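Just so it is clear, the model here is predicted, and its values are computed rather than measured. Any value given below was found using the heavy atoms of this structure, including those in side chains, with hydrogens, waters and symmetry copies removed. The chain is numbered in sequence order, starting from 1.
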Amino acid sequence: MKRALFIIGAIVVWQVAAWAFAPPPPVLQKPREIDPQTLPNEKYIVEGRNLQRHDGLRALDVPRSSLCSEEGRKKFISGLGHYYYHRSLQTTSYPKNYGKTGADYIARQWSTADDKRIDRLTKGIYSSGYFKPNEFGAGSRDMLLTLVKDERVTGKGCAR
């Protein structure tokens, strides 16, 4: 009995000591207001954005009939999904990491003439019935759903 009380007492003392000397929990900090274009790796990310635009445009610049074949559809979903995945990822991560400065910067980066063309062509192919957003991975699906939310599907795509 004395032994059990001793062990319980030791555990209580150990627990109190652990609480007393434990480091404080980390404080959540606001995102740093850093201009992302001053970061050393940003030039490589800009190059990557250009490659992602190229993938998106290449996926959209195919004959519509190729979207009805298994291989053509796979290339289309892959190319367009790659573009929207990276665009979505950067659009959410830059504001988290760099605050309003990062949000403004990344919004400018993803609003080039090519980006607007990709959005316009994507809406057109969607409204023609050639794809559904749920065919894409989670990373690109949310952005595609936002993009086409006001579009009506008027065509039948491959079901003609």
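Counting only distance, with no hydrogens or angles, the side chain of Ser88 and the backbone of Tyr85 share no donor-acceptor pair below 3.5 Å. In this structure a side-chain-to-backbone donor-acceptor pair under 3.5 Å is missing from Ser78 to Lys74.
Qualifying salt bridge (charged side-chain N to carboxylate O under 4.0 Å, His left out) partners for Arg141, counting only residues two or more places apart in sequence or in other chains: none. With sequence neighbours left out, the ring-ring contact (aromatic ring centres under 6.0 Å, His included) criterion links Phe131 to Phe76, Tyr126, Phe136. In this structure Arg58 satisfies the side-chain hydrogen bond (donor to acceptor under 3.5 Å, both in side chains) test together with Asp55, sequence neighbours excluded. Every residue two or more places apart in sequence or in another chain was checked for a ring-ring contact (aromatic ring centres under 6.0 Å, His included) with Tyr84, and none qualifies. By the salt bridge (charged side-chain N to carboxylate O under 4.0 Å, His left out) test, Asp104 is found to be paired with Lys100, residues two or more places apart in sequence or in another chain being considered. Checked against side-chain hydrogen bond (donor to acceptor under 3.5 Å, both in side chains), Ser140 has no partners two or more places apart in sequence or in another chain. When the side-chain hydrogen bond (donor to acceptor under 3.5 Å, both in side chains) test is applied to Asn50, the partners found at least two apart in sequence or on another chain are Arg53. A search for salt bridge (charged side-chain N to carboxylate O under 4.0 Å, His left out) contacts involving Glu42 returns Arg49, not counting sequence neighbours. Applying the side-chain hydrogen bond (donor to acceptor under 3.5 Å, both in side chains) rule to Arg117 yields the partners Asp61; only residues at least two apart in sequence or on another chain are considered. Every residue meeting the salt bridge (charged side-chain N to carboxylate O under 4.0 Å, His left out) condition with Arg73, not counting sequence neighbours, appears here in chain and number order: Glu135.
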Residues 144-151, side-chain donor-acceptor partners within the protein, below 3.5 Å, at least two apart:
from	atom 1	to	atom 2	distance (Å)
Thr146	OG1	Asp142	O	3.0

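For the residue pair Thr112 / Asp115, a side-chain donor-acceptor distance below 3.5 Å is found, with atom types taken as modelled.
Annotation: side chain of Leu67 is in contact with side chain of Ile125 (closest heavy-atom distance under 4.5 Å). Taking 4.5 Å as the limit, some side-chain heavy atom of Ile45 sits within range of a side-chain heavy atom of Gln90.
Residues in residues 75-150 take part in no disulfide bond (SG atoms under 2.5 Å apart) pair, two or more places apart or across chains.
Summarising the local packing, CD of Glu70 is surrounded by 12 or fewer heavy atoms from other residues, nucleotides or ligands at distances under 6.0 Å.
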